[in-house]
S.K.: 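Sharing a structure here in structure tokens format.
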Amino acid sequence: QLGRLVGIEHRVYAEIEGFPRVFAHADDQGRSRADRTAAVHFLRFEFAPPAIAALAAGATLHVGIDDPRLALRVRIDDATCESLRADFLR
């Protein structure tokens, strides 16, 4: 299946309510090849300060994959959002 998903890591996004999607910066540490994606990726998202402030104020957060091969969008649960809010406010 990894051959079918080449490049999928570049289509993963996070979306804070009221703000545009932020696509992940993916680091597979050299494990991907031209014919298959890595089984593990480290993803980093760069949110603008106003989006972080909105999340801290209670905006919802969704994550997803914007790719027809594995289309997905899920709402992040309240407990996880609370943990992220605490991280952002450090």
Side-chain angles (χ1 to χ4, degrees):
Q1 292 294 343
L2 295 177
R4 188 176 70 84
L5 297 174
V6 171
I8 197 90
E9 65 275 12
H10 302 292
R11 304 306 305 155
V12 176
Y13 66 86
E15 183 178 12
I16 296 174
E17 178 183 7
F19 292 86
R21 292 175 174 175
V22 174
F23 284 87
H25 297 277
D27 180 1
D28 63 15
Q29 299 189 351
R31 293 181 181 98
S32 289
R33 299 189 319 234
D35 64 332
R36 67 160 179 79
T37 191
V40 175
H41 294 275
F42 298 94
L43 303 177
R44 180 175 47 87
F45 298 91
E46 292 184 15
F47 296 105
I52 293 171
L55 184 64
T60 59
L61 172 65
H62 288 84
V63 296
I65 301 172
D66 186 11
D67 190 295
R69 297 172 295 170
L70 191 63
L72 175 74
R73 184 174 188 262
V74 295
R75 183 181 184 275
I76 300 301
D77 65 87
D78 292 338
T80 302
C81 281
E82 283 301 318
S83 178
L84 288 170
R85 288 179 186 112
D87 287 344
F88 282 136
L89 296 175
R90 287 186 198 176

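What you see is a predicted model; the values in this text were computed from it and never measured. Both backbone and side-chain heavy atoms feed into the values below; hydrogens, waters and symmetry mates do not.
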S.K.: Whether the side chain of Arg11 engages the backbone of Asp66 through a donor-acceptor N/O pair (distance < 3.5 Å, no angle test) should be reported.
M.R.: yes
S.K.: Hey, what else clusters with Leu61 if you join Ile, Leu, Val, Met, Phe, Trp, Tyr whenever side-chain heavy atoms sit under 4.5 Å?
M.R.: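 In the cluster with Leu61 are Leu5, Ile8, Val12, Ile16, Phe19, Val22, Leu43, Phe45, Phe47, Ile52, Leu55, Val63, Ile65, Leu70, Leu72, Val74, Ile76, Leu84, Phe88.
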S.K.: Just by distance, do the side chain of Glu17 and the backbone of Thr60 share a donor-acceptor pair under 3.5 Å?
M.R.: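 Flag set: sc Glu17 to bb Thr60 pair under 3.5 Å.
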S.K.: Looking at residues at least two apart in the chain, or sitting in another chain, which of them share a salt bridge (charged side-chain N to carboxylate O under 4.0 Å, His left out) with Arg44?
M.R.: Glu46
S.K.: Roughly how far, to the nearest 0.5 Å, is CZ of Arg4 from CG of Asp35?
M.R.: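 One gets 15.0 Å once the value is rounded to the nearest 0.5 Å.
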S.K.: In Å, rounded to the nearest 0.5 Å, how long is the span from CZ of Arg75 to OG1 of Thr80?
M.R.: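 One finds 10.5 Å between CZ of Arg75 and OG1 of Thr80.
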S.K.: Taking the side chain as C-beta and beyond, is there a heavy-atom pair between Phe23 and His10 under 4.5 Å?
M.R.: no
S.K.: Closest heavy-atom contact between His41 and Ser32?
M.R.: CE1-OG, 3.6 Å
S.K.: Check whether Arg69 reaches the backbone of Val6 with its side chain - one donor and one acceptor, N or O, closer than 3.5 Å.
M.R.: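 Checked: pair present.
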S.K.: Could you walk me through whether Glu15 and Arg73 pass the side chain to side chain contact (heavy atoms under 4.5 Å, CB included) check?
M.R.: CA-CA 10 Å; Glu15 183 178 12; Arg73 184 174 188 262; 3.4 Å; yes
